[in-house]
Amino acid sequence: MRKNIAAGNWKMNLDLDAGKILASEVINMTADEVSNDAEVILIPPFVHITSVKQLAGSAKNVFVGAQNCSDKASGAFTGEISVEMLKSAGVDYIVVGHSERREIYGEDDALLASKTKAVLEGGLKPIFCCGEKLESREAEQHFAVNKEQIEKGLFGLSKEEILKVVIAYEPVWAIGTGVTASSDQAQEMHAYIRGLIAEQYDQETADSISILYGGSVKPDNAQELFAQPDVDGGLVGGASLKSRDFVDIIKSF
Ligand code: 13P
C-alpha cells in the first residue's frame, strides 16, 4: 500500500548553520512527537545534503532528498550534479520537474522524462512534479495540462519503474502565494491523476503510488488536505523552513 509522505523542499534558502539547526530540530521533534509511520523527506540545497544526512543518521522514517539533478551520468557539464553523486551523499529521493525548474530554467517534458529515467536507473526515487498555471485553471484546461505533463514525463516508464515514483501535484497558482487549493480541488486532481495511471498501467499500480499535494500547505490546512482519500501527503515549501510548522504538518496524517 502507498505511503504517507511529508516532504520539505527548502528551495534556495538557509545557509549551512541555519540548515543544520532546522534539520536537527525537525529530526528531534519527529522522533519525540510523531507516532505514525509517515515518511519525512528533508530536501535541502545540494551543499547541505551531506550535513543533513549525517544529522538524520539512522532516524526512523527520515530521508534526504535533492531538489534537482542532471540527466547525464558524468562529464563536461559544468555546474551540474549527477544522480550517482547524490546517491553517494546519501540521497534517497530527487525532485524532478518542479514548476520553478520548468518555468524559470526552461526544463521541458523531454528533459524531465530523461531526468526521471536517470534517477530510476541510479536506484533512487523521483518525486515528479506536475501542476497547472492560473490561466490554465481559469480556462478549464487544468486536467489537460496535468495529463500532458504526466504522459510525457512518466508514461515511458515500465510498471516496475513507475511504482518507485512519487507524484507531487503542485498547482502553480498555489505555490508561495498563501492560496491553497481547496481539499476538494486537490482530491479531484489527485483522483484524476490516479485514474490516468490506472488506465495506462493498472489499478493496483495506481493505488500503490503516493500522490502529494504542494502549494501553501500549512499546519492549519494540512489535516484537511491529508484526509482526502487520494492525497497521500504534502510537498511543503515555506512552512518546511520552520521546524514547529513542519512537524505540525507531519503530525497531520
Ligand atoms: P509553498 O509551500 O511555499 O507554497 O511551496 C510549495 C512548493 O513549491 C514545494 O515544492
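Order of appearance sets the numbers: ligands from 1, and atoms from 1 within every ligand.
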Show which side-chain atoms of residues 240-250 pair as donor or acceptor with protein atoms under 3.5 Å away, not counting sequence neighbours.
unit_1 : atom_1 : unit_2 : atom_2 : d
Ser240 : OG     : Val236 : O      : 3.3
Ser240 : OG     : Gly237 : O      : 2.8
Ser243 : OG     : Glu25  : OE1    : 2.6
Arg244 : NE     : Asp248 : OD1    : 3.4
Arg244 : NH1    : Glu33  : OE2    : 3.3
Arg244 : NH2    : Glu33  : OE1    : 2.8
Arg244 : NH2    : Asp248 : OD1    : 2.9

Within the 3.5 Å criterion, strictly below it, is a donor on [X] or [Y] matched to an acceptor on the partner's side chain?
| X | Y | answer |
| --- | --- | --- |
| Tyr169 | Gln149 | no |
| Gln228 | His190 | no |
| Glu39 | Asn61 | no |

Hey, is ligand 1 close enough to Thr177 that some N/O pair sits below 3.5 Å?
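In this structure, Thr177 places no N or O atom under 3.5 Å from an N or O of ligand 1.
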Please say whether His98 places an N or O atom under 3.5 Å from an N or O atom belonging to ligand 1.
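The answer is yes, given that His98 and ligand 1 share an N or O pair closer than 3.5 Å.
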Distance-minimising heavy-atom pair for Ile150 and Phe128:
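Scanning both residues completely, I find the closest heavy atoms to be CA-CE2, 4.4 Å.
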Under a 4.0 Å heavy-atom limit, does Ser99 contact ligand 1 with its side chain, its backbone, both, or neither?
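The answer is neither; Ser99 stays 4.0 Å or more away.
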Heavy-atom distances under 4.0 Å decide this one: backbone, side chain, both or neither, for Leu235 against ligand 1?
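Contact part for Leu235 vs ligand 1: both backbone and side chain.
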Examine distances only and state if a side-chain atom of Ser136 and a backbone atom of Glu132 form a donor-acceptor pair shorter than 3.5 Å.
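Here the side-chain-to-backbone pair does not exist.
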So is [X] close enough to ligand 1, meaning a heavy atom under 4.0 angstrom away?
| X | result |
| --- | --- |
| Ala174 | yes |
| Ala239 | no |
| Lys218 | no |
| Gly215 | yes |

Looking only at protein heavy atoms, which one is nearest to [atom], and how far off is it?
| atom | result |
| --- | --- |
| atom 7 (C) of ligand 1 | Glu170 OE2, 3.2 Å |
| atom 3 (O) of ligand 1 | Gly238 N, 2.8 Å |
| atom 2 (O) of ligand 1 | Gly237 N, 2.9 Å |

Atoms of ligand 1, numbered as shown, that sit under 4.0 Å from any heavy atom of [X]:
| X | result |
| --- | --- |
| Asn9 | 9 (C), 10 (O) |
| Gly176 | 1 (P), 3 (O), 4 (O) |
| Ser216 | 1 (P), 2 (O), 4 (O) |

Taking C-beta and beyond as the side chain, do Val40 and Ile27 meet within less than 4.5 Å on heavy atoms?
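They are not in side-chain contact.
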Are any non-hydrogen side-chain atoms of Phe46 and Asn68 less than 4.5 angstrom apart?
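Yes, at least one pair of side-chain atoms sits under 4.5 Å.
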Would you say the rings of Phe155 and Tyr201 are close, in the sense that their centroids are separated by under 6.0 Å?
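Tyr201 vs Phe155: aromatic centres under 6.0 Å.
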